[in-house]
Every structure is written in C-alpha cells, then in structure tokens.
Amino acid sequence: MTTNYVRLEFPSKPENVAFARTAVSAFVSQLDPTVPELADISTAISEATTNIVVHAYPESEGLVRISATLIGQRVKIEVWDNGCGIFDPRSIRHFGTTTCNQDRMGIGLSLIEACMDHLEIETKEGEGTQLTMWKCLGQQRSDSGND
Amino acid sequence: MTTNYVRLEFPSKPENVAFARTAVSAFVSQLDPTVPELADISTAISEATTNIVVHAYPESEGLVRISATLIGQRVKIEVWDNGCGIFDPRSIRHFGTTTCNQDRMGIGLSLIEACMDHLEIETKEGEGTQLTMWKCLGQQRSDSGND
Amino acid sequence: MGIEIWRQGSWLVGELTGDLDIASVPVVRVRLERSLAKQEVDGLILDLSGVNFLDSSGLGFILGRYHQLAEDGGKTIITGIQGQVKRVFELSGLTELISRKESLPEALQAIREEK
Amino acid sequence: MGIEIWRQGSWLVGELTGDLDIASVPVVRVRLERSLAKQEVDGLILDLSGVNFLDSSGLGFILGRYHQLAEDGGKTIITGIQGQVKRVFELSGLTELISRKESLPEALQAIREEK
Ligand SMILES: Nc1ncnc2c1ncn2[C@@H]1O[C@H](COP(=O)(O)OP(=O)(O)O)[C@@H](O)[C@H]1O
Ligand SMILES: Nc1ncnc2c1ncn2[C@@H]1O[C@H](COP(=O)(O)OP(=O)(O)O)[C@@H](O)[C@H]1O
C-alpha cells in the first residue's frame, strides 16, 4: 500500500480558504475520486478553514495547518489551529452558532460530518482545535446506481 | 502593504508535481494575475519540483518544501530540497542534462528563468538546493498591446 | 466572484458568478444591500447558475437576504443550483424554506404569471 | 492524461489529453512505443489540442519520439498547440526543429497532399 501526504501552512485570512480547498482537492485527485466526492472534500475543507478564520482567531490572524494523507483508497485530513478552542461542547453536535453575526448559520461542523465518512474533534479552551476527518474515495463509482 | 504566504511540504513523488503547480497557482490567483502569468508560474513550479524528483533524490524519496509569499503585486517562491545538490555549476547556466535519460533536455532551469522575473540558486553538494524566484504580477495587463 | 443586479418589474434579480465563500460574500453582500436600500421591491431572485462553489458562508448570505426581504413581506427565489451548490443546499435544509426554480427564465415566467 | 492512437494511411496519429508532465509521460510513452513497435510508419502526428499543460518532461517525450522516428527517416508533426503549451514550445526552441500545423485536420490534409 503506497502512502502519500501533503502539509499546508498559512495565516487565517479569508482569501486563503479558497486556496485550502483547491490545494487539498488537487492532492486528493490522485485517488481518482468522483466529482461529488471531490466536491464534498472541498466543502469540508472550506468549512473547517472558515471556522478557524471566524472562531479560532476572532480578533487577529493565526496559523492554520492542514495535512492530507492518502492510505490506499482513503484520505485522512487534519485541520489544526492554536486558537481559542471550542468552549461550548454543545456547539459540536447541535445546529447553532456562538457568533453574533446574523448571517452565520451554525451548520459548518454538521456539513463536515455529512460530507466526510468520519469526523473527530479534539479541542482545549485557549489551546486550539484539531479536526481529523476520513473519507473513502471511488466508492460512489463502484456502487453504481447512485448519482 | 498586506503580505500573505503559504508553505507546502510533501514527498518527492512524480504525482505530487501536479499538486505543487496547482496549489501554488491557486494561491497566487489572489493577486489577479493574467492567464499567461499564471501559466508561467505553473511551468516554473513544475520544473523546479520535477528537478527534485529526478535529480535531488535520484534513488529514493525525499522532502520537498515550497513557500510562496505575496508582497504587494510581487510573488516570491522558494523551492527547497535536502538532496544531492547541483555538483556541476555549469549545469545552472547552460543547456544540458546530467542524467543519462535520453528524454531529458536540460532546459528545466532555463525555463524557470524565462518564466520568472528573477531566479537565485543556492546549492551545496550533499546538502541540497534552494531556488528563490520572483515575479511581478498583473504586469502584462497594464502594458496593453501585449497578448 | 461577482454579482450582476437588475430590475425586472417589481422584482430585483441578482446573478452571481464564481465561488461564494467567506472571502467573496462581503463584497457581494454590500453590492446587493446597496441595491435593496435604493428601491422598494416585491421580491428577489438570486440566480446561482454561475456559482461553482458555495459553503455555509454563502448559505448564510442567502438566508440573511431571505429574512431581510421577508421582514417587509418580500419573497426570495433561488435558481440554477447544481452540483456542489445543490448538494450543500439540500444538506442544509434551506431548500425547505426558500423557493427554488430550475432556471432564471422559469422564475421570471413564474413571477410574471403571479400578477 | 490519455492518448488515443490510430492509423491514417502510412502515418500514426496520437491524440493527447490532460497534463503532460513527469507523472503522465511514462504512461503515454509506453502506449505510443508499443504502437510504434507493432507497425512501420512514415510519420507521426501528435495532436496536443487536448493538452492543457506541458513542461520539460513533455517536451523531452516529444523530442524523444522525433529522434526515434527520424532514425528510420520518419517525420513528426505536432498540431493544436496553444496557451501554456505553445509558450513552453516556443521558449524551448523545439518549434524550430519539429514541424507544426495549426490543427489535426490541417496536418492530415498536408500528408494527403504530399503523396
Ligand atoms: N476552530 C474552531 N475554534 C473555535 N471554535 C470553533 C471552531 N470551529 C467551530 N467552533 C465553534 O463551534 C460553533 C459551531 O460551528 P459551526 O457548526 O461551524 O457553525 P458556525 O461557524 O456557523 O458558527 C461555532 O459557533 C464556534 O463557537
Ligand atoms: N534540485 C536539484 N538537485 C540536484 N541537481 C539538480 C537540481 N536541479 C537541477 N539539477 C542539476 O542541474 C542540471 C540541469 O537541470 P535542468 O536545466 O532542469 O535540466 P534537466 O532536468 O533536463 O536535466 C540537471 O541535470 C541536474 O544535474
């Protein structure tokens, strides 16, 4: 089984969210995913990175680290920040936002869960958050009948 | 003047060359470059990364590090390896390859020079090589008349 | 990312293009709010057929406009969602709340017939 | 990346698609060499109109085929280069060495007239 990986590091600027999803998608393309699978990965990376820009470092800019590892037909993606951490554990499993921004819906983490096969969240108040997510690719191709 | 940067790290596998040029292009797109400018950056990254796969680590895999920094309308790109180094300094300024592969032309470094505004090479035998290149973007757009 | 805004009868139409995320939403929101502030409208059609990518920032922007319009009894219709955009809309449940038409011409036809 | 190979009279035509770099060249080279080994040809047309990106690995692959054909007096024509591919070809000077036609139909017309 061959493994391959990439690591990305950049400051938490809004304009880097598009970079992050494009770069991770370009890397994951090696596994020859279907178009919907690649779209789901873009969505998950976009949500995870946006949360860092908005929530992890609300007042200033901080570091974002993303790694993606290919293991057989699976991709494992880690998204790391050393920001404020998720202090209300209920925000993880429930719809809702902790930000007073009228236009945030509080569905970022739920979207990540829906787009990936598995999501794990490690967080510590004041120390940061790491999301680890997995997805098996080329699945929809073999399960014919699905769109 | 706002600055922004990304750092990439990955093993020197042929399939990561496409990742490298796509990721750097996606990042540099923030400066709203012209299509030919973006194509030149893709070419330069592809050549620099290919040289690492082929020459820096000829027998095995090694680490590739790329950083791209935006400074005003300029991008500075560094491509780093800790491979064998360029032992024949003549290979830098002259056409020609040191590899016994019939299909290599020895024009990779010349292409990088042609595609970027400036190229600097730091290399030490047995320790590795770092290319540093600059390009000013949005140039061709203001110099109207050029394609 | 861009938005082209024009008036169709008593409705406003916004045609969006590019990616709709945290970097592009602020630009598009300002332009649309400026247009909405300048005129009274019965409703808003947001055509997303030119949008390739949208995440929760984009959904939030659309939901925000929906609520803004609804305050004065205005309607919101979205058109042309496909691929990743459709997927995210359906996962979010927003398709239950906001009216949707296949295409912009279809939506324009519908508002014409309503009169 | 892919290559579709077919015969046109005494010539072989290879239509390339995708990116031509260090990862894709080996795949394409094996397929083309297998075809060239199986048959005698007067020449090779490589159509690059479906190639979006090419670097020195791609140039090396094409130059290698040019030399391989030339050994037996065969010709090589490239067609459909544009954008980044054209730029790299011109920077390399390979356009001075290898015949070029605007499009595949134009090249097919030219080899037909040569007879
Ligand atoms: N990286 C992070 N750092 C700190 N807090 C976070 C992070 N990601 C998510 N959160 C918290 O979890 C909540 C729910 O996140 P999410 O489901 O993405 O919704 P939204 O971003 O719309 O608020 C956020 O409101 C925030 O409080
Ligand atoms: N990163 C590197 N590490 C070691 N040697 C290198 C590196 N990059 C280039 N070289 C040396 O410089 C020579 C010229 O490189 P280049 O102009 O790219 O041509 P080519 O890759 O076709 O040989 C190579 O043949 C090689 O000896």
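Chain letters run A, B, ... following the sequence lines, proteins first, then strands; residues in each count from 1. Note that this is a predicted model, so its numbers are computed, not measured.
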Just checking [X]: does its [atom1] atom have more than 12 heavy atoms from other residues, nucleotides or ligands closer to it than 6.0 angstrom?
{"X": "E40(D)", "atom1": "CD", "value": "no"}
{"X": "E122(B)", "atom1": "CD", "value": "no"}
{"X": "E102(D)", "atom1": "CD", "value": "no"}
{"X": "E61(B)", "atom1": "CD", "value": "yes"}

In Å and rounded to the nearest 0.5 Å, what is the [atom1] to [atom2] distance from [X] to [Y]?
{"X": "N51(B)", "Y": "S56(D)", "atom1": "CG", "atom2": "OG", "value": "7.0 Å"}
{"X": "T22(B)", "Y": "D19(D)", "atom1": "OG1", "atom2": "CG", "value": "7.0 Å"}
{"X": "I52(B)", "Y": "I22(D)", "atom1": "CD1", "atom2": "CD1", "value": "11.0 Å"}
{"X": "D21(D)", "Y": "S42(B)", "atom1": "CG", "atom2": "OG", "value": "11.0 Å"}
{"X": "L111(B)", "Y": "R87(D)", "atom1": "CG", "atom2": "CZ", "value": "9.0 Å"}

For D55(D), which atoms come within 4.5 Å of any heavy atom of chain B: side chain, backbone, both, or neither?
both

Residue-level contacts of residues 14-21 of chain B with chain D, using a heavy-atom cutoff under 4.5 Å
P14(B), E15(B), V17(B), A18(B), R21(B)

